Amino acid sequence: MSPKVAESPTPYEVERGKPMPSFNHGFIQANLIYEFKKHGTHSVLSELKLEMQELPNLVPDISIVPMQKLDLHHDQIRYPEPPLMTVEILSPTQGDYMVIQNAHRYLEFGVKSCWIVHPTAHTIQIIEPEGKSAVFSEGVITDPATGLTVDLAAVFS
């Protein structure tokens, strides 16, 4: 049996600075987007590249911004404003440390609330400016910056 050779990062992974999403990652991301959109109060975007002062620009799994109309005649490749909220979902090959570092970069950029979703633990950690953090494992949780709520049972099912 030959030794396993480490694969080089794909262009997708290089551009976004994170691993390719897995099946569970995509499933949970879709569940969260559905939960957020039910409110009808904010625009919910997946894989929005943020235009940050420092390189590399980051691409949260989900960004929540004030409600906007879709304008198909004008598009933005990079979003210049900080979202109200970002969500990162851990992939199987991704460690907590880098995701938490990215959350702190989002907060420095002006994001008001960062969610880190831990699929295997069935938890969501919410990090706010000035280091306030809480971890949730059941029930309905409310984002402190947007007022959006999600039912954890719906997210992880």
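Nothing here was measured: the structure is a model prediction, and the numbers come from that model. Basis for what follows: all heavy atoms, side chains included, without hydrogens, waters or symmetry-related copies. Nothing fancy with the numbering, it's 1 onward along the sequence.
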Query raised in the report: Using 30° and 60° as the class limits, which term best fits the ring planes of Phe156 and His122: parallel, tilted or perpendicular?
Result: parallel
Query raised in the report: For atom NZ of Lys37, is the number of surrounding heavy atoms from other residues, nucleotides or ligands below 6.0 Å larger than 12?
Result: no
Query raised in the report: Looking at CG of Asp96 and CD of Gln94, how far apart are the two atoms once the value is rounded to the nearest 0.5 Å?
Result: 9.0 Å
Report task. Report the distance from atom CD of Glu51 to atom CD of Gln76, rounding to the nearest 0.5 Å. Result -> 10.5 Å
Report task. Output the distance between atom OG (Ser157) and atom CG (Asn31), rounded to the nearest 0.5 Å. Result -> 6.0 Å
Report summary line: Residues Leu84 and Ala145: closest non-hydrogen pair is O-CB, 4.1 Å
Distance-only donor-acceptor pairs under 3.5 Å for side chains of residues 132-139, two or more places apart:
residue: Ser133; atom: OG; partner: Gln125; partner atom: NE2; Å: 3.0

Requested in this report: Answer with yes or no whether the hydrophobic clustering places Val87 together with Ile124; edges join I, L, V, M, F, W, Y residues whose side-chain heavy atoms lie under 4.5 Å apart.
Outcome: yes
Report summary line: One should read off an interatomic distance between Asp61 CG and Leu48 CG, to the nearest 0.5 angstrom, of 12.0 Å
**Report entry** Side-chain (His39) to main-chain (Thr149) donor-acceptor, under 3.5 angstrom
**Finding:** yes
**Report entry** Under 3.5 Å donor-acceptor, Glu128 side chain and Pro144 backbone
**Finding:** no
Query raised in the report: Looking only at atom types and distance, does a side-chain atom of His25 sit under 3.5 Å from a main-chain N or O of Ile89, one as donor and one as acceptor?
Result: yes
Query - Distance-minimising heavy-atom pair for Arg105 and Met52 - result: O-CE, 3.6 Å
Query - Same apolar cluster: Leu45 and Tyr79, side chain cutoff 4.5 Å - result: yes
Query raised in the report: Between Pro80 and Phe109, what is the shortest heavy-atom contact and its length?
Result: O-CZ, 3.7 Å
Requested in this report: Kindly indicate, with the supporting measurements, whether the criterion side-chain contact (heavy atoms from CB on, under 4.5 Å) is fulfilled by Met85 and Trp115.
Outcome: CA-CA 8 Å; Met85 175 182 146; Trp115 289 30; 3.4 Å; yes
**Report entry** Joint hydrophobic cluster, Leu90 plus Ile127, side-chain heavy atoms closer than 4.5 Å
**Finding:** yes
Query - Gap between atom CD1 of Ile64 and atom OG1 of Thr146 - 0.5 Å precision - result: 6.5 Å
Query raised in the report: Any donor-acceptor pair under 3.5 Å linking the side chain of Asp151 with the backbone of Val140?
Result: no
Query raised in the report: Same hydrophobic cluster for Leu148 and Val155, using side-chain heavy-atom links shorter than 4.5 Å among ILVMFWY?
Result: yes
Report task. Would you please name every residue forming a salt bridge (Lys or Arg N to Asp or Glu O under 4.0 Å) with Glu81, sequence neighbours left out? Result -> none
Report task. Given side-chain contact (heavy atoms from CB on, under 4.5 Å), test Glu47 with Gln29 step by step and report yes or no. Result -> CA-CA 10 Å; Glu47 305 298 328; Gln29 184 171 357; 3.7 Å; yes
Query raised in the report: Does CZ belonging to Phe27 count more than 12 external heavy atoms closer than 6.0 Å?
Result: no
Query - Closest approach of Ile33 to Ser46 (non-hydrogen atoms, all atoms of both residues) - result: CD1-CB, 3.9 Å
Query raised in the report: Looking only at heavy atoms, which two atoms of Val111 and Pro129 are closest? And how far apart?
Result: O-CG, 4.1 Å
Query raised in the report: How close do Gln68 and Ser43 get, heavy atom to heavy atom, and via which atoms?
Result: N-OG, 2.8 Å
Query raised in the report: What distance do Thr86 atom OG1 and Leu58 atom CG have between them, rounded to the nearest 0.5 Å?
Result: 9.0 Å
Query - Shared hydrophobic cluster, Val59 / Ile116 (ILVMFWY, side-chain heavy atoms < 4.5 Å) - result: no
